[in-house]
There are 2 protein chains.
Amino acid sequence: MTRESLARRPTIRDVADLAGVSTATVSYVLNGTAGQTITPSTRERVRRAADSVGYVPHRIARALREGRSPVVLLNVGAMIGGSTVATLVEGMSAELRRHGHSLLVTAEPGGIIADVIDAVAPRATLDLTVVTTGGEEDDVVSGVAAGDHAGFAFHTLAQLRHLVERGHRRIAFVGPAEDVPFARTRRAHARSAARQLGLPPLVETVIGGDEARRAETVERLVREEGVSAVAAHSDDVALAVLAGMATLGLRAPQDLAVIGFDEDAAARLWRPSLTTVRIDGAAYGRRAARVVLGLPVPEWDSAPSQVVLGEST
Amino acid sequence: MTRESLARRPTIRDVADLAGVSTATVSYVLNGTAGQTITPSTRERVRRAADSVGYVPHRIARALREGRSPVVLLNVGAMIGGSTVATLVEGMSAELRRHGHSLLVTAEPGGIIADVIDAVAPRATLDLTVVTTGGEEDDVVSGVAAGDHAGFAFHTLAQLRHLVERGHRRIAFVGPAEDVPFARTRRAHARSAARQLGLPPLVETVIGGDEARRAETVERLVREEGVSAVAAHSDDVALAVLAGMATLGLRAPQDLAVIGFDEDAAARLWRPSLTTVRIDGAAYGRRAARVVLGLPVPEWDSAPSQVVLGEST
DNA sequence: TTGTAAGCGTTATCAC
DNA sequence: GTGATAACGCTTACAA
């Protein structure tokens, strides 16, 4: 070991010098470059030299050279919501790491910021606020399960179908009062799901405000619109409906059945507990990782989502 | 305009050629480098050339040159929890952008992954799973409000103090059954808060499992331990306690008072509604941004956290 | 089988 | 006032 032991971070040059070879050879060895024939002994020498000086390749330099860095950018729109996004991030991150990449997350409602992209030159980007608007065409992540496109539309269909199976026909789709990431998308999917199921047009409204406002909303739905079931945009929204019902002394599912979406931990604690749709976020995350890396994406072997039975329907 | 209009992204060279100056001059002009005297006319020519070709500096190249990129890495431990982390990310991201930087988030329970760091060479990193432990880093981000250190310990103290003011002395601190990011930290803070308030040692337990298990936990607290109030690790946990009480037919706050932590939207919907601690995440986010950039951090002008009164205490 | 050297796009240190 | 040019650390033709 020479005086390389200084503060400076060891470069490929240091390794090359120590091993008595050129930087090219070091690069070939360390990257296992195909089509290069290096003698085992040289190989060994380089390896030793590398970890003797504690060499770790400089990713930025490599990124400059290659035009992209080994990171994937995911925009989730906002750091809120049920379990789907959380598990999606986990699954995607794990799968990417298995392939030498890193997942970096942003939470920009307006989509991925251009500055971020050129600050990191990501290998790929994925914007949840866009992907979920599917567009089966542009939804490569979801794939097909049991013959159907397994995107958000699919889960929404499952949500409504559950109500239909319970005998409901006059159904309301209730969204959040504030503008949250997937509000519009979900509404659109609900409409087309209703059509597919041969239902009359959905009653559409939003719920929010204080206790009185919530109760008012629910009352209108039940008394004026004659709705017998609610499909909610999310579990949060579903709980607001249940809360409004409690205020009015209405019971679920007798007076009004309620189903949530994107299972949230709090929903199981309610009385009555909430029936909701659980989405296999981790599986989508792993798929997303493979899609953006251009790896083959496996078939769905289990259901991408399922209705979790509670007492509210 | 020359044949630069090809697919290639314009470089500083292209601008220099078009403006008839050297790349150095372009760099000086575009970066407003101090201590350089450039004639207004040259300046103007460079500017024009730059946006005529649509030049945008290559951040990766700059990162290589400067040794770091204009991004800040934030590890949040996991994509779950109440509103604090969500608003913190928003606030931090906004403040960073005001200063030409970008925020990138990871959700690694074990701390920031080394690979990620050298993939992006961030200007700075911040690990929430570390910061909230009350070490030195915590100090700088949290600062001082009304004479007290305004960190997580402070909020925990506020949580317990609320119960004390309501006349409680035999108090339990209830955590989640699973291992979540800040569990240990919160527990430690709760212990020392109890000492500061001159309370007897806290009864410590966790809650989880199914309805029966939850009820059992609550029952033990009330009947065996003689506890009159619960300070919960989070709103989720607090709701589990309230649910257990409902199962047992116990009422809050008469039979057992419950206060949550890190306000979650669902908590306000409960009957009884949950008293909890709201933390000004956005403010912490802005402070964190300034700290990591080495900017002066303003004094707290409003409370860093406050108890939000519900019916449960 | 291995080495040389030309980039990748910037910034900053000199000269002029 | 401005311009060459040498880095930054790596990959990869192309030579040898």
Side-chain angles (χ1 to χ4, degrees), chain A residues 4 6-47 49-50 53-70 100 117-121 123, chain B residues 4 6-47 49-50 53-70 100 117-121 123:
Chain A
E4 316 305 315
L6 30 69
R8 228 187 69 242
R9 154 184 194 145
T11 77
I12 198 174
R13 226 329 9 112
D14 300 324
V15 178
D17 289 353
L18 184 55
V21 298
S22 75
T23 61
T25 303
V26 174
S27 176
Y28 292 147
V29 171
L30 264 29
N31 295 321
T33 309
Q36 293 291 331
T37 46
I38 314 264
T39 44
S41 82
T42 306
R43 228 175 252 292
E44 193 45 32
R45 219 149 16 96
V46 170
R47 288 250 153 71
V53 300
Y55 171 72
V56 26
H58 195 293
R59 315 304 287 258
I60 297 294
R62 187 183 295 189
L64 174 59
R65 176 64 230 225
E66 313 210 305
R68 55 185 26 137
S69 63
I117 296 190
D118 42 53
V120 304
R123 157 88 182 250
Chain B
E4 315 305 316
L6 29 69
R8 229 187 69 244
R9 153 183 194 146
T11 76
I12 199 174
R13 244 280 56 93
D14 299 323
V15 178
D17 290 352
L18 184 55
V21 299
S22 76
T23 61
T25 303
V26 174
S27 176
Y28 293 146
V29 171
L30 265 30
N31 296 322
T33 309
Q36 292 292 335
T37 46
I38 314 263
T39 42
S41 82
T42 306
R43 226 175 254 293
E44 193 43 34
R45 223 159 1 107
V46 170
R47 289 250 151 71
V53 301
Y55 170 72
V56 27
H58 195 292
R59 314 304 289 256
I60 297 293
R62 187 181 294 187
L64 175 58
R65 177 63 227 225
E66 313 211 303
R68 54 182 28 130
S69 63
I117 295 190
D118 44 53
V120 304
R123 157 87 181 253

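The basis for the numbers below is simple: all heavy atoms, side chains too, and nothing from hydrogens, waters or symmetry mates. Keep in mind it's a predicted model, so treat the numbers as computed, not measured. Protein chains get the first letters and strands the later ones, always in sequence-line order, with residue 1 at the start of each.
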Atom-pair distance ([atom1] on [X]; [atom2] on [N]), nearest Å:
| X | N | atom1 | atom2 | answer |
| --- | --- | --- | --- | --- |
| A:His58 | C:dT10 | NE2 | P | 17 Å |
| B:Tyr28 | D:dT5 | OH | C1' | 11 Å |
| B:Leu64 | D:dA7 | CG | C1' | 9 Å |
| A:Arg62 | D:dC8 | CZ | P | 19 Å |
| A:Arg9 | D:dG9 | CZ | P | 8 Å |
| A:Asn31 | C:dT2 | CG | P | 16 Å |
| B:Asp118 | D:dC8 | CG | P | 18 Å |
| A:Arg68 | D:dT11 | CZ | P | 16 Å |

For a quick check of understanding: with a heavy-atom distance under 4.0 Å over all strands, which category does A:Thr11 fall into, base, sugar-phosphate or nothing?
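Sugar-phosphate only.
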Proximity to the side chain of [X] - top-ranked nucleotide from [options]:
| X | options | answer |
| --- | --- | --- |
| B:Ala24 | C:dG3, D:dA4, C:dT10 | D:dA4 |
| B:Glu66 | C:dG3, C:dT1, C:dA12 | C:dA12 |
| B:Thr39 | C:dG3, D:dG1, D:dT5 | D:dG1 |

A:Arg59 vs B:Val120 side-chain heavy atoms within contact, under 4.5 Å:
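A:Arg59 does not reach B:Val120 side chain to side chain.
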Comparing B:Arg65 and B:Arg43 on DNA chain D - which has the more 5′ nearest nucleotide:
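Whichever sits nearer the 5' end wins; that is B:Arg43.
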Can you pull out how bent the helix from C:dT1-D:dA16 to C:dC16-D:dG1 is, comparing the axes over its first five and last five pairs, to 10°?
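So the angle between the two local helix axes works out to 50°.
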Taking only the side-chain nitrogens and oxygens of [X], find out if one of them lies under 4.0 Å from OP1 or OP2 of [N].
| X | N | result |
| --- | --- | --- |
| B:Ser22 | D:dG3 | yes |
| A:Thr23 | D:dC10 | no |
| A:Thr25 | C:dG3 | yes |
| A:Thr42 | C:dT2 | yes |

Output the distance between atom [atom1] ([X]) and atom [atom2] ([Y]), rounded to the nearest 0.5 Å.
| X | Y | atom1 | atom2 | answer |
| --- | --- | --- | --- | --- |
| A:Asp14 | A:Thr11 | CG | OG1 | 4.0 Å |
| A:Ile60 | B:Asp118 | CD1 | CG | 8.5 Å |
| A:Arg45 | A:Ile38 | CZ | CD1 | 10.5 Å |
| B:Arg62 | B:Arg68 | CZ | CZ | 14.0 Å |

Determine whether a donor-acceptor pair (N or O, by modelled atom type, separation under 3.5 Å) exists between the side chain of B:Arg123 and the backbone of B:Ser69.
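Judged by distance alone, no pair lies under 3.5 Å.
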Counting N and O atoms only, with roles assigned by atom type, does the side chain of A:Thr23 sit under 3.5 Å from a partner on the main chain of A:Ile12, one being a donor and the other an acceptor?
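Not confirmed, A:Thr23 side chain does not pair with A:Ile12 backbone.
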Going through the checks in order, is the side-chain contact (heavy atoms from CB on, under 4.5 Å) test met by B:Val46 and B:Tyr28?
CA-CA 10 Å; B:Val46 170; B:Tyr28 293 146; over 6 Å; no
I'd like to know if B:Tyr55 reaches the base of C:dT10 with its side chain, counting only an N/O donor and acceptor under 3.5 Å.
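It does not, because no donor-acceptor pair links the side chain of B:Tyr55 to the base of C:dT10 below 3.5 Å.
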